[in-house]
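Let me begin by presenting the structure, written as structure tokens, before commenting on it.
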Amino acid sequence: MEMVGPQHRTETGIAIQIGWALGFTSLAAVAWFFRHWFWFQVALSVPILPLLFTWNIVPESPRWLLMKGRTEKLEKLLLKAAKINGRDIKGDIKDLLTNNSSAEEEKTKNRTLFSVLRWPKMRNRTLNMLYLWMVNSFMYYGLSYNTNELAGNPYLNFFIAGALEFPSYALLYWGIKKWGRRPTLIALMVVGGAACAAITLVPSDLPWLSTTLAMVGKFCVTGSFGLLYLYTSELFPTVVRNVTLGSCSMSARIGSILAPFVRELGKATHAAVPNVMYGLLALTGGLLALLLPETRGQKMPDSLEEGENFGQLSNEKGKADSESATEDSDSAVVSKSRL
């Protein structure tokens, strides 16, 4: 996300999720083929081993190198990128550091989550995002685990739940291009929560309708969960982007840890309890997303100060543009009246 410009962030953020969808879909075939738990675990673990050799292939973030004043590594990285892309770099790369006043301040500082929580607006956004990640993960894994409870073949149901992710990401791409990050996130969470809550009203003699509503909920939460990776990366500054994204991911693991127990909770209390929980959590998450600023088309912040003023600066710019347009319109009216 830190290596592409604003015009390509949407495509990059959504394309990354396709790998997850491929893994989800193929998991049904792997589980069907390897019926024994031991060989199933081996089949899941072996493909991870080649990643051990990629540490020297994946480049460091140029934004992070710039903020930390590591000009030598930044120069090598940019020259390599320019060579691969067939471009020429104009001027001296070290001038980038000279023109960046925030870089001198960030050179020797190690930013943590507490650095973010000291800033009022970023603290509220961080707590908001922690909740959104936990809710989305809770719903995502809860609905994924619940495929065995649906009518029909469990392997087929799991495959369909994974295959739904491809159209979900296609709709997500269209939605954030048309409406932006925040409205799309709110719509997906509210519709997904409503679909889950509606399952409680379906008669027991209509299992196909319950399955359909569960798949609609899974479809929506897949899109909202995938959007959070893009949204969070754009919302927080470079110096703490890895910290905030990692903290949000940790919060999501709390939701995924609790998800397997939801089915047992439904058995111990009432079958409608899990779906009612999904509906309430998704609704509250969608309402809290109203407090977040829109990030579409905005330059990603780099320093903590830029992160704190992120939404304010974009709103002021929009207000200034509106006032300027009004003044131009008034001037035009005056000119016409004089003529």
Side-chain angles (χ1 to χ4, degrees), residues 1-20 22-23 47-113 115-116 122 169 173 176-177 181 226-249 295-310 313-314 317:
M1 292 298 298
E2 294 181 350
M3 295 182 185
V4 298
Q7 69 274 25
H8 299 301
R9 287 206 303 260
T10 300
E11 292 85 348
T12 304
I14 303 304
I16 291 173
Q17 305 298 331
I18 300 300
W20 176 272
L22 289 172
I48 300 175
L49 296 179
L51 296 177
L52 295 173
F53 304 97
T54 62
W55 67 273
N56 199 31
I57 300 175
V58 179
E60 185 55 85
S61 164
R63 280 178 172 267
W64 184 82
L65 291 174
L66 176 61
M67 294 304 297
K68 290 298 180 180
R70 301 185 181 182
T71 54
E72 293 183 3
K73 288 187 177 181
L74 176 61
E75 186 174 5
K76 290 180 181 179
L77 179 61
L78 293 181
L79 289 174
K80 181 179 179 180
K83 182 179 179 181
I84 293 175
N85 294 325
R87 300 292 183 89
D88 294 326
I89 298 179
K90 299 180 180 179
D92 192 348
I93 295 177
K94 294 182 179 180
D95 291 340
L96 291 173
L97 185 62
T98 305
N99 296 330
N100 194 334
S101 58
S102 301
E104 290 296 330
E105 183 182 344
E106 298 293 341
K107 274 185 182 180
T108 58
K109 293 184 178 180
N110 292 321
R111 299 297 186 180
T112 65
L113 184 62
S115 303
V116 185
M122 283 200 293
Y169 293 136
Y173 176 78
I176 58 181
K177 280 286 190 181
R181 278 63 164 160
L227 175 54
L228 284 178
Y229 284 89
L230 173 65
Y231 202 1
T232 308
S233 299
E234 294 178 331
L235 196 58
F236 294 98
T238 302
V239 292
V240 292
R241 186 168 292 119
N242 60 336
V243 173
T244 50
L245 189 62
S247 299
C248 288
S249 183
T295 60
R296 180 177 61 171
Q298 301 294 326
K299 175 185 176 296
M300 288 199 301
D302 289 318
S303 65
L304 289 174
E305 186 176 358
E306 290 178 1
E308 179 70 6
N309 297 325
F310 180 70
L313 291 176
S314 59
K317 182 179 181 299

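Quick note: residue numbers are just sequence positions, from 1.
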Do you know which of Thr12, Ile14, Ile18 makes side-chain contact (heavy atoms from CB on, under 4.5 Å) with Ile16?
Thr12
Is there a side-chain contact between Met3 and Pro59 in this structure, where contact means two heavy atoms from C-beta onward sitting under 4.5 Å apart?
yes
Do any pairs count as a salt bridge (Lys or Arg N to Asp or Glu O under 4.0 Å) and have a residue in residues 51-65, sequence neighbours left out, and if so which ones?
Arg63-Asp302
[X] side chain to [Y] main-chain N or O, any donor-acceptor pair under 3.5 Å?
X	Y	result
Glu308	Met122	yes
Arg9	Val4	no
Ser247	Val243	yes
Thr244	Arg241	yes
Ser115	Thr112	yes

Find the distance between [atom1] ([X]) and [atom2] ([Y]) and round it off to the nearest 0.5 Å.
X	Y	atom1	atom2	result
Ser249	Tyr229	OG	OH	5.0 Å
Arg296	Ile176	CZ	CD1	9.5 Å
Leu22	Trp20	CG	CH2	12.5 Å
Leu77	Leu66	CG	CG	11.5 Å
Leu304	Thr238	CG	OG1	10.5 Å

Of the non-hydrogen atoms in [X] and [Y], which two are nearest, and what is the gap between them?
X	Y	value
Glu234	Phe310	O-CZ, 4.1 Å
Pro301	Gly307	CB-N, 3.7 Å
Leu228	Thr232	O-OG1, 2.7 Å

For Lys299, look at atom NZ and say whether over 12 heavy atoms of other residues, nucleotides or ligands are found less than 6.0 Å away.
yes
Tell me whether the count of non-hydrogen atoms from other residues, nucleotides or ligands lying under 6.0 Å of NZ in Lys83 goes above 12.
no
State, without any angle test, whether Arg181 and Thr10 hold a side-chain donor-acceptor pair at a distance under 3.5 Å.
yes
